[in-house]
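Report on the following structure.
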Amino acid sequence: MDELTKTEPATIYIRPAKGLAALNLGDLWHFRELVLFMIWRDIKVRYKQTLLGALWAIIQPVMTMLVFNFLFNSVAKVSSDGIPYPIFSFTALLPWGLFTTALNTASRSLTSNHNMITKTYFPRLVLPLASVLGGLLDFGIAFLILIIMMFYYRITPSLTAIWAVPLFVLLSIIAALGVALWLSAINVQYRDVGYALPFITQFWLFITPVAYSSTVISGKWQLVYALNPMAGVVNGFRWALLGSGSGPNIFLAISTAISLVILFTGLIYFRNMERTFADTI
Amino acid sequence: MTIAIKVEGISKRYKIGTAPGKFRYGMLRDQIAAIPSKLFRRAEEKVGVNFIWALKDVSFDLEEGRVLGIIGRNGAGKSTLLKVLSRVTEPTMGMVTVRGRVGSLLEVGTGFHPELTGRENIYLNGAILGMKRNEIEAKFDEIVDFSEVEQFIDTPVKRYSSGMYLRLAFAVAAHLEPEILVVDEVLAVGDAEFQRKCLGKMNDVAAQGRTVLFVSHNMSAILRLTQEALVMQKGRLLLRAPTNEAVDFYLASGQSQAGERSWDADEIPAAAAPFRPLSLKLFDPRGAVADIVRSTEPLTVKIEYQLTAPITGLRVGIYLNTIRGEYVFTSFDVDEPALYEKYSVRQPGFYTSSCTIPGDLLNEGRYILGVNASSFGVKRYFMDENALGFSVDPSAAPGMQWAEQRQGPLRPRLNWAIDRSDA
């Protein structure tokens with residue numbers, strides 16, 4: 001407090017924002033500790049009063065993998081690019097899980113913390129951002145299972161994995177945050193988001209090469225397919241860890257560009273809606 | 001003196017739908033369906049949308065280190081003003097210039113998570129209120145000390161009693177050290193002992209030369225803590241005056257005539273439905289509406305109201321307070337078990353609940369009648385703690401042969417007996 005009283009207090013101007021709100025990310029930086037606290041709180045309470053606790057972070061992707069294995073491998077005999085199907089699908093389920101968990105928690109992050117929004121000031125971006133980043137812990141836990149599976153199937157990833165995996169994790173975070181900003185801001189006014197989301201993620205799963213390989217997409221559709229940000233992420237993961245596919249190409253560039261566009265427009269939309277959050281929530 | 005807060009022509013408009021209560025959740029469907037008509041119509045012509053000005057052209061300056069009270073009835077715009085000042089919501093028009101960090105105590109315990117321990121919630125809540133981690137660490141022991149929950153500091157707060165919870169929440173907020181502190185009605189919680197402690201803390205804050213804006217319905221707290229107050233009514237700033245003048249002005253306002261109070265539609269919160277208060281009147285024994293009553297005479301209180309739907313377990317009653325904010329008594333129309341049985345469900349219609357306060361009860365002075373309509377433990381439909389002010393005239397009361405002021409709010413005529421024991 002002493003250094004605060006000594007320094008000249010900052011002057012704040014409160015007035016109606018005109019036109020597009022400035023992104024004002026410096027404000028978010030100022031509240032970075034709150035982001036960490038919110039992540040910590042979400043993680044801390046996530047598996048409270050559950051019997052299995054953090055095991056759920058493993059059970060969910062493993063069970064999905066087993067179901068996929070039965071349906072797509074044993075029954076439908078889908079091609080997995082010569083890679084054992086369980087690890088083929090599990091590698092894709094990791095970023096996919098990160099993405100859907102982020103969407104689920106972040107889209108509700110504003111409405112479930114409505115009393116914070118109506119009572120105190122802080123950059124509202126803190127809430128969806130913390131929700132998205134909070135998913136990294138579950139991702140990390142599930143990743144350990146992937147490492148065990150790689151030992152089991154004797155798959156050695158190339159050295160590119162060291163830089164490629166974090167990069168693709170970042171890319172899925174960007175994709176998730178972009179979509180989450182849109183959904184969370186819309187959800188403040190229209191609770192329809194809560195009903196639409198399960199359907200959206202299910203549909204999204206079908207257009208993402210999680211259960212199948214993207215090689216099944218015929219050439220002329222590849223370009224359309226690349227418009228899905230998660231397609232690039234999932235293919236990138238498989239390439240980095242399992243060596244399948246061709247690695248970064250024009251389709252990845254398109255996926256990444258789309259992610260960045262969604263993130264940027266999401267930020268602008270969020271910032272503009274933010275002004276009325278306290279009034280409409 | 002430096003100006004800490006400069007408010008220039010602030011207005012805040014809220015949109016309300018045609019049907020009250022239905023405006024909160026916009027339906028995507030309606031918006032989509034409205035697109036064709038929107039294309040052919042100017043934005044101003046929106047049909048079925050009403051606006052309400054929660055704040056209308058409010059301007060004032062506040063110098064650094066001053067404590068300013070804000071008083072006004074429900075819906076006067078006090079809370080909206082504080083929300084604008086603490087940047088929770090944006091004004092529709094006007095500008096505020098704030099010099100320094102604003103800390104808001106709009107509600108204690110914001111962001112408290114029931115699963116987290118007291119210790120964890122202190123850190124979390126501190127961060128939400130804008131404190132830095134090292135600031136919280138430096139204040140941690142002081143906060144715990146103030147809250148009196150040391151023993152339970154590592155227990156999840158869901159196991160706390162509501163009193164402990166409030167104490168901890170207030171302790172965190174009270175140790176926030178912004179240049180400007182905005183406080184809304186936090187003192188309305190907790191037991192008397194804790195309230196005293198909170199008031200003491202507020203005094204300290206003011207004594208440290210920090211700027212404080214303080215909203216309360218508790219006139220004694222306003223009188224004690226502030227030297228100057230704003231009176232607000234329907235979103236406008238009516239008066240800025242020394243606190244005792246402001247409190248007097250406020251209590252006299254809102255009465256359509258002396259001894260009578262009625263409520264406009266915009267003073268009744270939407271949550272009051274199906275209860276609609278109509279009027280509160282005070283009568284002398286001759287049946288005339290009175291603003292000054294005699295201490296020796298009974299006075300009759302009548303509350304008129306309408307129910308638009310049946311209510312189970314409704315009780316309508318009054319609070320009597322002195323002007324200093326001390327309770328004299330609380331009484332409800334169905335306090336009598338037999339009446340409570342009879343009116344266990346009140347059907348829709350117009351009602352009058354009336355009672356008589358006996359003569360030879362109240363001391364001279366000014367009193368405030370409050371109204372409450374609630375179903376115990378279910379819902380509080382309506383409450384106006386400062387509905388009507390009236391004065392008691394002591395002529396012919398016991399002890400008037402001495403020109404002295406009798407202490408206390410009561411002046412009962414007691415049957416004294418004097419016996420000489422040596423005769």
Side-chain angles (χ1 to χ4, degrees), chain A residues 1-5 7-17 21 27 30-38 40-42 44-49 111-124 126-127 186-193 195-196 274-281, chain B residues 4 7-8 10 12 14-15 24-29 31 64 83-116 120-121 123-124 126-133 135 138-139 156 177-180 184:
Chain A
M1 190 58 216
D2 283 329
E3 77 254 44
L4 260 172
T5 38
T7 56
E8 186 70 356
T11 303
I12 306 160
Y13 298 96
I14 304 166
R15 62 191 142 201
D27 209 18
H30 187 76
F31 276 83
R32 61 193 182 280
E33 274 189 0
L34 183 57
V35 178
L36 296 178
F37 270 118
M38 292 307 289
W40 168 79
R41 181 191 89 169
D42 287 348
K44 192 102 190 173
V45 301
R46 188 175 302 155
Y47 297 114
K48 276 268 158 88
Q49 226 160 8
T111 45
S112 58
N113 290 301
H114 66 93
N115 61 350
M116 278 174 66
I117 288 176
T118 54
K119 303 294 178 194
T120 46
Y121 170 78
F122 59 92
R124 289 15 178 152
V126 165
L127 294 172
I186 294 172
N187 196 34
V188 169
Q189 200 174 4
Y190 303 111
R191 303 295 146 97
D192 305 61
V193 170
Y195 299 98
E274 186 180 51
R275 303 183 296 208
T276 55
F277 280 170
D279 303 334
T280 45
I281 202 161
Chain B
V7 177
E8 295 165 279
I10 285 292
K12 174 77 188 175
Y14 283 106
K15 189 161 67 171
R24 280 177 66 95
Y25 300 103
M27 297 255 263
L28 200 52
R29 191 186 63 196
Q31 291 283 312
E64 226 168 61
K83 278 187 177 180
V84 169
L85 293 181
S86 54
R87 298 166 79 195
V88 167
T89 185
E90 212 171 56
T92 313
M93 283 179 219
M95 183 163 110
V96 185
T97 312
V98 178
R99 213 167 150 277
R101 190 162 68 149
V102 180
S104 58
L105 282 181
L106 298 194
E107 194 169 278
V108 293
T110 305
F112 261 39
H113 199 288
E115 296 284 355
L116 298 178
E120 292 165 341
N121 269 310
Y123 280 96
L124 180 65
I128 291 170
L129 294 174
M131 290 164 97
K132 296 260 169 265
R133 196 191 164 86
E135 252 179 280
K139 296 240 162 235
E177 293 196 332
E179 286 84 14
I180 298 162
D184 189 3

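The sequence lines fix the lettering, A, B, ..., with proteins before strands; numbering per chain opens at 1.
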Self-check item: Contacting moiety of E8(B), where chain A heavy atoms sit under 4.5 Å
Solution: neither

Practice problem: May I ask you to decide if V188(A)'s main-chain N or O and R191(A)'s side chain share a donor-acceptor pair within less than 3.5 Å? | Solution: yes

Self-check item: chain A contacts, top residue of T89(B), N121(B), I10(B) (heavy-atom pairs, under 4.5 Å)
Solution: T89(B)

Self-check item: Under 4.5 Å from any heavy atom of chain A - which part of T97(B)
Solution: both

Quiz item: Any side-chain heavy atom of S86(B) within less than 4.5 Å of one from T120(A)?
Solution: no

Self-check item: Residues E274(A) and R87(B) bridged, charged N to O under 4.0 Å
Solution: no

Quiz item: So what's closer than 4.5 Å to chain A heavy atoms on K12(B): side chain, backbone, both or neither?
Solution: side chain

Quiz item: What part of I117(A) gets closer than 4.5 Å to chain B, counting heavy atoms only: side chain, backbone, both or neither?
Solution: backbone

Quiz item: In terms of the angle between their ring planes, are F31(A) and Y121(A) parallel, tilted or perpendicular, with boundaries placed at 30° and 60°?
Solution: perpendicular

Exercise. Measure from the side-chain N and O atoms of D279(A) to the backbone N and O of Y14(B), and report whether any donor-acceptor pair falls under 3.5 Å.
Key: no

